[in-house]
Amino acid sequence: MSQDNLSEQMLIRREKLDKLRQQGIEPYADRYARTHSAEEIHLEFEELNGQEVAVAGRIMAKRGQGKAGFAHLQDFSGQIQVYVKVDNVGEAALDLFNRADLGDIIGVKGTVFKTQKGEVSVRATSISMLSKSLRPLPEKWHGLTNVELRYRQRYLDLIVNPEVRNVFVTRSKIVRSMRGFLEAKGFLEVETPTLHPIAGGAAAKPFQTHHNALDMDLFLRIALELPLKKLIVGGFEKVFEIGRNFRNEGISVKHNPEFTMMELYQAFADYNDIMELTEQMVAHIAQEVLGTMVVEYQGEQVDLAPPWRRLPMLEGIKEYAGVDFAQITSDQEARNVAAAKGLAVEQDASRGKIINGFFEEFVEPHLIQPTFVTGHPVEVSPLAKRNRIKPEYTDRFEAFIVGRELANAFSELNDPIDQRERFEAQAAARAAGDEEAHPVDEDFLNALEFGLPPTGGLGIGIDRLVMLLTDSPSIRDVILFPTMRPRED
RNA sequence: GAGCCAUUAGCUCAGUCGGUAGAGCACCUGACUUUUAAUCAGGGUGUCGUUGGUUCGAGUCCAACAUGGCUCACCA
């Protein structure tokens, strides 16, 4: 990647660049008056046939034939063939064309026609060099398959692998569709800080940074939750944010250190209201973006049409693990059952954590069709409201599709005394070595003490939603520039 | 953080038992005025990821390191 030790091909391209300049041709043009995209010429061929057009794009294929030649130009919309014949363009332009390389970006003016083989093309009358390419493109037939190169040089991936471009176009449509859905429901989009004095709102390790002028440590946010709930305290009734979260944890096919979440909060609603909103929203997005609510993910057919299955967590465990935690009341009993089932848990694990462990181990992988799992133990839900009837559980749900969590939601805990106690329990776990336990957030408690109305909240991992809707096996396939170690060479 | 696998030309990949480094595309020279993975004739362009070790001799065997992928751990 360095400038030293250029390959033969790179040296030759630099020589070609110099020669263009010697001929008075600027190889990096300022602009080009393009009249049509490649796609427009194909779509509007009947009207454009015989008309003069100007197209521009990257040379992706080139077939010279002495005094004539063909090339395919690629722009964002697609590809268009150009036909260059000395009789039409003259010796100089033909020479420019013949010396052009794959990857060069050129402009071609000419008339639209159809070749003998029936391909819509542009018969060139003039050719302009717009940008000389100094590096050879990957191979035209196999493309770029080396995943390391694809992620590090995503621009190359986008040039030679058209389906990659589609994933990111779809990603944009998904986010746009989500915004449209929420705005139509009266939600207000807001932006809250990325730099937090303490990192709260989720169980995760944060990235730490430092502000020099204030001489204070700051954390990159791990969730959007707490500032958004402060806005509900402040009188906003429906807010959402689509923003980047940062978690200083492992990288996997499902995890990137920075990822995008949508969180929304609705005053006077509970988790049941949010459940309906969630299934409606996901179905709406699929219908609007893909034109169907039935999607295929890695060979599994998934029907996103509401209503989705509702499954209380304990019932799920009873069904798939054969253990009824309603009959198990103590931490010690729960640990014994975990040992009997071969589930590794920490020595001092609470019943609630073990229930969550059972769920993740035995139930999650079975939840292929969209499923709302409800009733999480209070120990693993420090920001969720307790269930009125069974206070050791919360009014919470997580949505699972193809065995993966897509959404997390609950009736927000708005009792400031209870919230303080939960934070203190988390702080104790933190003191005992749980790096991901929530710290006490006095500023948030202060807001709650002024009164948070009953509120339903929701978080959806945008990257995972995009994975589902684009049938992408890895989160790196839906993030343009996934986090990578730098290469030394 | 752990285990397994991979790393050879610009790209996609072969490389046998340890004995002078190979193919296709791309590229270079030439031919060709409707081709489309254009064709024809000729040309191999390389720090075999890095550093050590074993050996008369290492792309090949061994070790460490680097980067990536997958699985696990952690998590969304």
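In the text below, chain A, chain B and the rest are named by the order of the sequence lines, each starting its count at 1.
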Legend entry - Check against side chain to side chain contact (heavy atoms under 4.5 Å, CB included), Arg396(A) and Glu398(A): CA-CA 7 Å; Arg396(A) 175 181 175 189; Glu398(A) 290 180 293; 3.6 Å; yes
Inset, instruction - Counting Watson-Crick and G-U wobble pairs only, both distances under 3.5 Å, name the nucleotide matched with rC61(B), or none. - result: rG53(B)
Inset, instruction - Report which part of the nucleic acid Arg13(A) touches: base, sugar-phosphate, or nothing (heavy-atom distance under 4.0 Å, all strands). - result: nothing
Inset, instruction - Check every strand shown and say whether Leu406(A) touches a base, only sugar-phosphate, or nothing at a heavy-atom separation below 4.0 Å. - result: nothing
Inset, instruction - Show your working on side chain to side chain donor-acceptor pair (under 3.5 Å) between Asn356(A) and Glu360(A) and close with a plain yes or no. - result: CA-CA 6 Å; Asn356(A) 200 51; Glu360(A) 288 175 2; 3.2 Å; yes
Legend entry - Pro136(A) vs Glu249(A), nearer the 5' end of RNA chain B by closest nucleotide: Pro136(A)
Are any protein N/O atoms closer than 3.5 Å to N/O atoms in nucleotides 40-43 of chain B? If there are, list each pair with its distance.
none

Inset, instruction - Look at all strands and tell whether Asn256(A) reaches a base, only sugar-phosphate, or nothing, counting heavy atoms closer than 4.0 Å. - result: base
Inset, instruction - Using a 4.0 Å cut-off on protein heavy atoms (strictly under), produce a 5'-to-3' string for nucleotides 31-38 of chain B with B for base contact, S for backbone-only sugar-phosphate contact, and - for none. - result: -BBBBBBB
Legend entry - Distance, C1' atom - from rU34(B) to rG44(B), rounded to whole angstrom: 33 Å
Inset, instruction - Hey, could you give me the NE2/CD distance between His72(A) and Gln74(A), rounded to the nearest 0.5 Å? - result: 10.5 Å
Inset, instruction - Scan every strand shown for a Watson-Crick or G-U wobble partner of rA6(B), both distances under 3.5 Å, and answer none if you come up empty. - result: rU67(B)
Legend entry - Rounded distance in Å - CD (Glu361(A)) to C1' (rA73(B)): 12 Å
Legend entry - Span that lies between the C1' atom of rC25(B) and that of rG53(B), in whole angstrom: 38 Å
Legend entry - Considering all heavy atoms, the nearest Ile222(A)-Asn245(A) contact: O-ND2, 3.5 Å
Legend entry - Nearest-0.5 Å distance, CD of residue Glu39(A) to CD1 of residue Ile41(A): 11.0 Å
Legend entry - For rG1(B), the Watson-Crick or wobble counterpart (both distances under 3.5 Å): rC72(B)
Inset, instruction - Using a 4.0 Å heavy-atom cut-off across all strands, classify Ala203(A) as base, sugar-phosphate, or nothing. - result: sugar-phosphate
Legend entry - d(CG, Leu6(A); P, rG46(B)) in whole Å: 12 Å
Legend entry - Thr192(A) and Glu241(A): side chain donor to acceptor below 3.5 Å: yes
Inset, instruction - Determine the Euclidean distance between corresponding C1' atoms of rG46(B) and rA26(B); express it in Å to zero decimal places. - result: 16 Å
Inset, instruction - Give Met261(A) one of three labels, base, sugar-phosphate or nothing, depending on what nucleic acid heavy atoms sit under 4.0 Å from its own. - result: nothing
Legend entry - Any Arg485(A) side-chain nitrogen or oxygen under 4.0 Å from OP1 or OP2 of rU67(B): yes
Inset, instruction - Work out which heavy atom in Leu277(A) is nearest to a heavy atom in Phe181(A); give both atom names and the distance. - result: CD1-CE2, 3.8 Å
Inset, instruction - Only pairs at least two apart or in different chains count here, so list each salt bridge (Lys or Arg N to Asp or Glu O under 4.0 Å) that has a residue in residues 124-134 of chain A. - result: Asp101(A)-Lys132(A), Asp104(A)-Lys132(A)
Legend entry - Interatomic distance at C1', rU16(B) relative to rG22(B), whole Å: 13 Å
Inset, instruction - Figure out the CG/C1' separation between Leu144(A) and rA26(B), and round it to whole Å. - result: 14 Å
Inset, instruction - Specify the separation, in whole Å, of atom CG of Leu156(A) and atom P of rU12(B). - result: 10 Å
Legend entry - Same-atom distance (C1') from rA9(B) to rA14(B), integer angstrom: 13 Å
Legend entry - Exercise: do Tyr151(A) and Asp477(A) side chains pair donor with acceptor under 3.5 Å: yes
Legend entry - Backbone N/O of Gly78(A) and side chain of Asp75(A): donor-acceptor pair under 3.5 Å: yes
Inset, instruction - Report yes if a side-chain nitrogen or oxygen of Ser7(A) is closer than 4.0 Å to either non-bridging phosphate oxygen (OP1 or OP2) of rU45(B); otherwise report no. - result: no
Inset, instruction - Considering just the side-chain nitrogens and oxygens of Arg476(A), establish if one lies under 4.0 Å of OP1 or OP2 belonging to rC70(B). - result: yes
Inset, instruction - Using a 4.5 Å cut-off on heavy atoms from C-beta on, say whether the side chain of Arg171(A) contacts that of Asp463(A). - result: yes
Legend entry - Met10(A) CE - rA9(B) P separation (whole Å): 12 Å
Inset, instruction - Determine whether any donor atom in the side chain of Gln9(A) lies under 3.5 Å from an acceptor atom in the base of rA26(B), or the reverse, and answer yes or no. - result: yes
Inset, instruction - Take atom P in rC62(B) and the same atom in rU55(B), then report the distance between them in whole Å. - result: 16 Å
Legend entry - Paired nucleotide for rU16(B) [Watson-Crick or G-U wobble; both distances under 3.5 Å]: none
Legend entry - Presence of Arg152(A) side-chain N/O under 4.0 Å of rG68(B) phosphate oxygens OP1/OP2: yes
Legend entry - Spacing of Lys67(A) atom NZ and Asn98(A) atom CG [to the nearest 0.5 Å]: 9.0 Å
Inset, instruction - Round to a whole Å and report the spacing from CD of Glu225(A) to C1' of rA76(B). - result: 13 Å
Inset, instruction - For Asn98(A) and rC28(B), give me the distance from atom CG to atom P, rounded to whole Å. - result: 11 Å
Inset, instruction - Under 4.0 Å between any heavy atoms, over every strand shown, what does Leu149(A) touch: base, sugar-phosphate, or nothing? Just pick one. - result: sugar-phosphate
Inset, instruction - Please check the phosphate of rG68(B) (OP1 and OP2 only) for any side-chain N or O of Arg150(A) closer than 4.0 Å. - result: no
Legend entry - Tyr151(A) side chain, from C-beta outward: closest of rA73(B), rA26(B), rG69(B): rG69(B)
Legend entry - Lys85(A) to Phe97(A) six-membered ring, cation-pi geometry met (6.0 Å, 45°): no
Legend entry - Identity of whatever pairs with rG46(B) - Watson-Crick or G-U, under 3.5 angstrom: none
Inset, instruction - Return the value, rounded to whole Å, for the distance between atom NZ of Lys254(A) and atom P of rC70(B). - result: 12 Å
Inset, instruction - For rU35(B), give its Watson-Crick or G-U wobble partner with both distances under 3.5 Å, or none. - result: none
Legend entry - C1' atoms of rU67(B) and rG24(B), separation to the nearest Å: 27 Å
Inset, instruction - Take atom P in rU8(B) and the same atom in rC13(B), then report the distance between them in whole Å. - result: 10 Å
